[in-house]
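Along the sequence shown, residues are numbered consecutively beginning with 1.
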Amino acid sequence: QVQLVESGGGSVQAGGSLRLSCAAFGYSYSNYCMGWFRQAPGKEREGVVGIGSDGSLSYADSVKGRFTISRNNAKNTLYLQMNSLKPEDTAMYYCAAGPPRVCYSGSWSYDYAYNYWGQGTQVTVSS
């Protein structure tokens with residue numbers, strides 16, 4: 001059974017940093033398009049960053065230069081390093097896995113394209 005488990009969320013002040021982790025169980029995520037999404041209260045879920053099975057990266061404009069995605073294939077774990085956090089980054093953060101074509105086709109930011117989701121981890125940034 002495929003399972004994604006996020007961790008690493010918390011509360012920080014503006015300008016601080018957090019590193020989120022997404023551990024995958026039941027499959028090797030290196031063969032999938034992986035994405036980080038977030039959803040703030042009252043807002044739609046939005047794509048933050050996507051990483052293809054070939055390592056190609058795509059970032060939302062709102063996080064470029066501040067967030068970095070990486071993965072450890074040996075641990076089957078995906079990471080999201082978030083620096084220079086802003087209050088508007090406050091949201092529940094989710095990782096998701098989908099077929100490789102999701103990234104290849106440039107559809108990484110569409111949540112409906114993904115098959116598997118984690119339970120989410122809360123990030124709160126105070127001003």
Side-chain angles (χ1 to χ4, degrees):
Q1 183 177 356
V2 175
Q3 187 178 12
L4 299 173
V5 180
E6 302 98 333
S7 61
S11 298
V12 296
Q13 291 190 329
S17 298
L18 284 173
R19 189 177 81 155
L20 307 184
S21 299
C22 174
F25 302 92
Y27 75 105
S28 174
Y29 71 78
S30 60
N31 295 323
Y32 284 74
C33 173
M34 300 295 297
W36 281 101
F37 287 78
R38 66 185 180 186
Q39 188 168 22
K43 295 188 177 181
E44 294 187 354
R45 188 159 51 188
E46 64 170 343
V48 175
V49 58
I51 180 168
S53 56
D54 61 351
S56 57
L57 304 177
S58 299
Y59 289 92
D61 289 342
S62 58
V63 304
K64 281 181 181 177
R66 300 189 299 121
F67 290 13
T68 303
I69 190 172
S70 62
R71 63 189 184 194
N72 184 322
N73 290 342
K75 294 184 177 181
N76 219 27
T77 300
L78 197 67
Y79 303 100
L80 183 65
Q81 178 67 42
M82 306 186 296
N83 300 326
S84 302
L85 283 162
K86 304 175 181 180
E88 51 263 43
D89 294 319
T90 295
M92 185 71 78
Y93 283 71
Y94 301 88
C95 68
R101 66 177 182 275
V102 173
C103 283
Y104 296 156
S105 65
S107 301
W108 70 270
S109 63
Y110 296 101
D111 57 359
Y112 59 77
Y114 292 81
N115 305 106
Y116 306 107
W117 292 83
Q119 82 289 349
T121 186
Q122 178 68 37
V123 171
T124 302
V125 185
S126 58
S127 57

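- The salt bridge (charged side-chain N to carboxylate O under 4.0 Å, His left out) pairs that include a residue from residues 96-114 are Arg45-Asp111, where partners are two or more places apart or lie in different chains.
- Listed by chain and residue number, Lys64 satisfy the side-chain contact (heavy atoms from CB on, under 4.5 Å) test with Asp61 (two or more places apart in sequence, or in another chain).
- Hydrophobic clustering places Leu20 together with Ile51 (ILVMFWY residues linked when any side-chain heavy atoms are closer than 4.5 Å, directly or through intermediates).
- Ile69 and Met92 fall into different hydrophobic clusters, where Ile, Leu, Val, Met, Phe, Trp and Tyr side chains are chained together by heavy-atom contacts under 4.5 Å.
- Considering every non-hydrogen atom in both Arg38 and Ala91, the closest pair reads CB-CB, 3.8 Å.
- Between atom CH2 of residue Trp108 and atom OG of residue Ser58 there is a gap of 6.0 Å, rounded to the nearest 0.5 Å.
- Residues Met82 and Leu57 are members of one and the same hydrophobic cluster, defined by side-chain heavy-atom contacts under 4.5 angstrom among Ile, Leu, Val, Met, Phe, Trp and Tyr.
- Transitive grouping of hydrophobic side chains (ILVMFWY, heavy atoms separated by less than 4.5 Å) keeps Val48 and Tyr94 in distinct clusters.
- Residue Gln13 holds its CD atom at 9.0 Å from OG of Ser127, rounded to the nearest 0.5 Å.
- Identified under the ring-ring contact (aromatic ring centres under 6.0 Å, His included) test for residues 33-78, with sequence neighbours left out: Phe37-Tyr114, Phe37-Trp117.
- Hydrophobic clustering places Val63 together with Val125 (ILVMFWY residues linked when any side-chain heavy atoms are closer than 4.5 Å, directly or through intermediates).
- Interatomic distance, CG of Asn83 versus CD of Gln81, reported as 4.5 Å (0.5 Å rounding).
- No donor-acceptor pair under 3.5 Å is formed between the side chain of Gln122 and the backbone N or O of Tyr93.
- Looking at heavy atoms from C-beta onward, Thr68 lies out of side-chain contact with Leu80 at the 4.5 angstrom threshold.
- Thr121 contributes no side-chain N or O that, together with a main-chain N or O of Ser7, makes up a donor-acceptor pair within less than 3.5 Å.
- Atoms CG and OG, from Leu85 and Ser126 in turn, are 10.5 Å apart once rounded to the nearest 0.5 Å.
- A 4.5 Å side-chain heavy-atom check between Cys33 and Pro100 finds every atom pair outside the cut-off.
- Within the model, atoms CD of Glu6 and SG of Cys95 stand 4.0 Å from one another, a figure rounded to the nearest 0.5 Å.
- Side chains of Arg19 and Tyr79: no donor on one and acceptor on the other come within 3.5 Å.
- Side-chain N/O atoms of Ser53 and Tyr104 include a donor and acceptor closer than 3.5 Å.
- Remark: the backbone N or O of Thr77 is not paired with any side-chain donor or acceptor of Asn72 at under 3.5 angstrom.
- Considering every non-hydrogen atom in both Asn115 and Pro99, the closest pair reads OD1-CD, 2.9 Å.
- For the residue pair Ser56 and Asp54, the shortest heavy atom distance occurs at OG-OD1, 2.7 Å.
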